[in-house]
Amino acid sequence: MRTPPWSHPISRRRLGTALLTAVTLVAVGGAAGCGDDAGASDGDPGPLRIGYQRFGGLSLVKARGAAPDAQWSLFESGPALTEALKAGSIDLGEVGEAPPVFAAAGKIPFSVVGTSAPVPQGEAVLVKADSPYRTFADLKGRTVALNKGSNVHWLLVKLLEANRMTLADLEVRYLKPAEGRPAFDNGQVDAWIIWDPYFALTERPDVRILADATGLASNRQYLLASPEVLASRSAELGAFLRTFREVTDWGIANPDERTRILAPELKIPEETAHRALARSAQPLAPVTPAIGDELQAIADGFVALDLVPGPVDIRSRIDERYSEVLR
């Protein structure tokens, strides 16, 4: 069994609802995250503190109550989650491709202990259906919005590379999902690069998918663990990861039930959640030297464009101790 770190659920009247839901979904996420449980008492290490995003695979673990002793903190995006790692307020978190690179460049301590199968269809460039843009190259000189430091940031890099363009060819606006959605809806930007479930929430007759990450970026999810939990609670974290893998696998094998459970957790319509999960739910996977090489290539790409200060050694952050658990 297996489900991805994003394998999580994500519709007009339903669309109108979905528009409002998208904003709500982001607002609730907040930049800081909110813990569900109280802190530990003296001498007691307390619960494992898990940072998650609404659409990540961890959402299903939480929604099913499969890890009742965990303390959960919700984040709007990967960059916000890595800041919580930096502050020492979470032990484990799930993010996309770019956040580990930006976090490593910022000297945030963490190890990469797990990943997912690729999910290239789970992120996309969206334009209005009546726009004249038919390829990404048609956006030259236009305004494109995305969340800085998130998985879609790497997709932008690869799209530029594939179309022989540079950042100077676009007017890039770095907007969080809560800001990007209204900017796109109101025509303040020409295109929005976004991931599920925000992607699925924005799909409607007047919106067109210009491109997704197929053939460009893997769009994997990555599990980042703090050095402290790896040093003092490695076995406990391993047990949690086993539960995560089992719940993920169950979700992939039972997509309808997964949608029913996750839609309320994600606060979005079931049909939207089902659509997003159908393309974005993938198995968990162990990290390997090849995964380290893949992440290092992403880091090198960001450094080459001066988007992060280099050098960034992300390959050394790979920790394979849970390979058997996640296999």
Side-chain angles (χ1 to χ4, degrees), residues 4-6 8 26 29-33 49-59 73-116 118-120 122-123 145-158 172 174-178 180 193-199 213 217-227 280 282 284-285 287 291-292 294-303 305 307-310 312-319:
W6 4 10
H8 312 357
V26 171
R49 301 167 303 167
I50 310 299
Y52 75 109
Q53 299 179 62
R54 279 205 186 278
F55 195 58
L58 288 170
S59 290
S73 292
L74 176 63
F75 297 88
E76 175 188 4
S77 66
L81 190 150
T82 58
E83 283 300 309
L85 272 173
K86 180 179 181 179
S89 57
I90 60 173
D91 301 311
L92 178 76
E94 183 179 32
V95 299
E97 291 173 314
V101 173
F102 279 72
K107 310 303 180 186
I108 296 175
F110 68 87
S111 292
V112 183
V113 298
T115 186
S116 75
V119 192
E123 57 181 356
L146 67 144
N147 191 75
K148 184 176 184 178
S150 66
N151 56 334
V152 292
H153 205 158
W154 179 240
L155 176 56
L156 171 64
V157 171
K158 298 303 290 182
V172 178
Y174 292 123
L175 302 176
K176 296 178 180 179
I193 312 181
I194 192 60
W195 66 89
D196 276 325
Y198 308 109
F199 171 14
S218 294
N219 193 30
R220 298 179 190 272
Q221 291 293 297
Y222 291 92
L223 297 173
L224 310 185
S226 72
S280 292
Q282 294 295 326
L284 291 176
V287 289
I291 293 295
E294 187 175 310
L295 262 180
Q296 189 61 54
I298 295 172
D300 294 344
F302 278 120
V303 171
L305 291 173
L307 291 171
V308 297
V312 175
D313 178 12
I314 194 76
R315 191 182 282 110
S316 66
R317 305 286 189 120
I318 297 295
D319 189 321

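The analysis underlying the following values was restricted to heavy atoms, covering all of them including side chains, and did not include hydrogens, waters or symmetry mates.
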- Query: In chain order, what residues pass the side chain to side chain contact (heavy atoms under 4.5 Å, CB included) check against A145, with sequence neighbours excluded?
  - Reply: L175, V189, W192
- Indicate yes or no for a side-chain donor-acceptor contact from S59 to the backbone of Q53 under 3.5 Å, with no hydrogens or angles considered. yes
- Item | For Q296, side chain to side chain contact (heavy atoms under 4.5 Å, CB included) partners two or more places apart | A299, D300, D313, I314, R315
- Item | ring-ring contact (aromatic ring centres under 6.0 Å, His included) contacts in which one or both residues fall within residues 76-107, not counting sequence neighbours | F102-H153, F102-F302
- Item | Minimal non-hydrogen separation, P177 against N147, with atom names | CD-OD1, 3.6 Å
- Query: Got K176 and S77 here, is their nearest side-chain heavy-atom distance under 4.5 Å?
  - Reply: no
- What one should report as the nearest heavy-atom pair of P100 and L224 is CG-CD2, 4.2 Å
- 4.5 Å side-chain heavy-atom contact, V113 and V287: no
- Note on the structure: Rounded to the nearest 0.5 Å, the CD1 atom of I50 sits from the CG atom of L223 at a distance of 9.5 Å
- Closest contact, heavy atoms only, P309 versus A105: O-CB, 4.0 Å
- Query: Any side-chain heavy atom of W154 within less than 4.5 Å of one from V101?
  - Reply: no
- Is the backbone N or O of A84 less than 3.5 Å from a side-chain atom of S89, with the two atoms forming a donor-acceptor pair by type? yes
- Item | Shortest non-hydrogen contact between P79 and K148, atoms and distance | CG-O, 3.5 Å
- Task: Apply side-chain hydrogen bond (donor to acceptor under 3.5 Å, both in side chains) to D91 and list each qualifying residue two or more places apart in sequence or on a separate chain.
- Result: R49
- Item | Test side-chain hydrogen bond (donor to acceptor under 3.5 Å, both in side chains) applied to E294 - qualifying residues, sequence neighbours left out | S218, R220
- Shortest non-hydrogen contact from A217 to P120? O-CB, 3.5 Å
- Looking at side-chain heavy atoms only, is the closest gap between E83 and I108 below 4.5 Å? yes
- Mind checking side-chain hydrogen bond (donor to acceptor under 3.5 Å, both in side chains) for K158 and listing every partner two or more places apart, or none if nothing turns up? E161
- Message: I'd like to check V119 versus W195 (side-chain heavy atoms, cut-off strictly below 4.5 Å). Are they in contact?
- Response: no
- Partners meeting side-chain hydrogen bond (donor to acceptor under 3.5 Å, both in side chains) with E123 (sequence neighbours left out): N151
- Note on the structure: dist L92:CG -> S73:OG (nearest 0.5 Å) comes out at 11.5 Å
- Task: Please name the pair of heavy atoms, one in P99 and one in G78, separated by the smallest distance, quoted to 0.1 Å.
- Result: CG-CA, 3.9 Å
- Verify, without hydrogens or angle tests, whether R317 (side chain) and F110 (backbone) share a donor-acceptor contact under 3.5 angstrom. yes
- Is there side-chain contact between S226 and I90, with at least one heavy-atom pair below 4.5 Å? no
- Rounding to 0.5 Å, atoms CD1 (I194) and OG (S150) come to a distance of 7.0 Å
- Query: Is Y174 close to L146 at the side-chain level, that is, under 4.5 Å between some pair of heavy atoms?
  - Reply: yes
- Message: Using only atom types and a distance under 3.5 Å, with no angle test, would you say the side chain of T115 pairs donor to acceptor with the backbone of Y222?
- Response: no
